[in-house]
Amino acid sequence: MYGLARPWLFRRDAEEAHRLVMERLGRWRALRGLARWLLTVEDPRLRVRLFGREFANPVGLAAGLDKHAEAVDAWPDLGFGYVEIGTVTPRPQEGNPKPRLFRLVADLAIINRMGFNSDGAEAVRERLLALGTRRVPVGVNVGRNRDTPNEAAEEDYRAAIGALRQVADYFVINVSSPNTVGLRALQNPSSVGALVAAAVAAAGGVPVLIKLAPDLEADALAETAAAALEGGAAGFVAANTTIGREGLAPSPATAEAGGLSGAPLRALATETVRRLYRATRGRVPILGVGGIFTAADAYEKIRAGASLVQVYTGLIYEGPGMVRRINRGLLRLLARDGLPDLTAAIGLDAKDGNGS
Ligand SMILES: Cc1cc2nc3c(=O)[nH]c(=O)nc-3n(C[C@H](O)[C@H](O)[C@H](O)COP(=O)(O)O)c2cc1C
């Protein structure tokens, strides 16, 4: 089916295509029943229990696709085990001027500089409250407003979390988007602990994870992770988009400013997961994200130390059948390796001497 829809979508501007899909997801309820029947994979070996919640499978929707919680009840019908909405900023804001989203088709990649376009925390809270019970865990990814200086960022994270804590199964503080000037400086080990601690205090018991950039050097990553744990972080999301541009096929889009996602990010994001897992000795869960298109890609992240994975760019290129293919493929890979379930695979390639 997506083989037919993709050319129709790819003829359009990328952000326009995104808008069309989001509108239809909200409307096509009848089709969604069929999708659920076709795309859901139920198997106890895929279940992961984290943060006091049950994840029916490890494949989640990454932040940025449903920024404003407009289609939360549709994603489980496509087979997702959980959804991360956002980034949500405390006050509504427009984001960067368009165009700000670019496909790099030859590279199976995207460059974006959306810049946290957000309906704001209150609107998102209302939408999530209106949903009532949810079929999968819903994480809420939060960021600071563009016009808030880093010195006052703590207040923004507190405000967003305070507004959304009744509707979040976990929070992610996003300090790694390359599209809000200065944001990545919040990863600095000297200040990140206090930021996390403030977020944890505002979250009232809801776990707070922190999303990190794939561009941190190994030592800086380890220091940031240690400081975040000190501040009470319940886990990590690794990784956000990269500012690197290595190995891309020549095309005008490669010169666009923004964060690169998709296939060219895969190995770097996996390495970030592995380094985090090693640096923290697997003490807290890692949500692995970056360049996942296949079951083998997801399995690579899990064996490097991820307890759950997320996808964004893969879904754009592969379509919704991808989630089912990943889940079914993971079952095959577990059987191949003689592992009883998914949790037995977490971090196997991060132990001494394994992996790169
Ligand atoms: C268009 C676009 C918008 C994104 N917006 C956000 C965002 O608002 N917050 C966030 O934490 N990550 C955001 N991301 C990053 C993704 O969540 C993910 O970390 C990254 O794209 C790598 O995964 P992928 O290769 O599967 O796309 C965005 C990615 C894309 C492509």
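Residue numbers count from 1 along this sequence. In listed order, ligands and their atoms are each counted from 1.
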Using a cut-off of 6.0 Å, state whether more than 12 heavy atoms not belonging to [X] lie near its atom [atom1].
{"X": "R328", "atom1": "CZ", "value": "no"}
{"X": "E54", "atom1": "CD", "value": "yes"}
{"X": "R283", "atom1": "CZ", "value": "no"}
{"X": "E16", "atom1": "CD", "value": "yes"}

In terms of residue, atom name and distance, what is the protein heavy atom nearest to [atom]?
{"atom": "atom 26 (O) of ligand 1", "answer": "Y312 N, 3.0 Å"}
{"atom": "atom 7 (C) of ligand 1", "answer": "T87 OG1, 3.5 Å"}
{"atom": "atom 12 (N) of ligand 1", "answer": "K211 NZ, 3.0 Å"}
{"atom": "atom 30 (C) of ligand 1", "answer": "N112 ND2, 3.3 Å"}
{"atom": "atom 15 (C) of ligand 1", "answer": "N240 OD1, 3.6 Å"}
{"atom": "atom 8 (O) of ligand 1", "answer": "K67 NZ, 2.8 Å"}
{"atom": "atom 23 (O) of ligand 1", "answer": "V289 CG2, 3.3 Å"}
{"atom": "atom 21 (O) of ligand 1", "answer": "S261 CB, 3.2 Å"}

Can you list the ligand 1 atoms lying under 4.0 Å from a non-hydrogen atom of [X]?
{"X": "G262", "answer": "25 (O)"}
{"X": "L101", "answer": "1 (C)"}
{"X": "L265", "answer": "22 (C)"}
{"X": "N174", "answer": "9 (N), 10 (C), 11 (O)"}
{"X": "N141", "answer": "10 (C), 11 (O)"}

Problem - Ring-face cation contact, W8 with R12, 6.0 Å cut, 45° max - result: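 Verdict for W8: a cation-pi partner in R12.
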
Exercise for the section: Examine distances only and state if a side-chain atom of D77 and a backbone atom of A35 form a donor-acceptor pair shorter than 3.5 Å. Expected result: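 No.
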
Exercise for the section: Please answer whether the main-chain N or O of L334 pairs with a side-chain N or O of D337 as donor and acceptor at a distance below 3.5 Å. Expected result: no

Exercise for the section: Pick whichever of T89, L315, V237, T313 has a heavy atom sitting closest to atom 24 (P) of ligand 1. Expected result: T313

Practice task
Compare G64, P178, A62 and give the one whose heavy atom is closest to atom 6 (C) of ligand 1.
Solution key: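 It is G64 whose heavy atom sits nearest to atom 6 (C) of ligand 1.
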
Practice task
May I ask whether G290 places a heavy atom under 4.0 Å from ligand 1?
Solution key: yes

Between [X] and [Y], is there shared hydrophobic-cluster membership here, with clusters defined by ILVMFWY side-chain heavy atoms closer than 4.5 Å?
{"X": "L221", "Y": "L265", "result": "no"}
{"X": "I302", "Y": "V41", "result": "yes"}
{"X": "L129", "Y": "V72", "result": "yes"}

Practice task
Applying side chain to side chain contact (heavy atoms under 4.5 Å, CB included) between K301 and each of V289, D349, I286, V273, report the one that passes.
Solution key: V273

Handout entry: Region of A239 that comes within reach of ligand 1 [heavy atoms, distance under 4.0 Å]
Key = backbone

Please say whether [X] places an N or O atom under 3.5 Å from an N or O atom belonging to ligand 1.
{"X": "A63", "value": "yes"}
{"X": "M114", "value": "no"}
{"X": "G291", "value": "yes"}

Exercise for the section: Determine whether the aromatic ring centres of F10 and Y317 lie less than 6.0 Å apart. Expected result: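 Yes, the ring of F10 comes within the 6.0 Å limit of the ring of Y317, centre to centre.
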
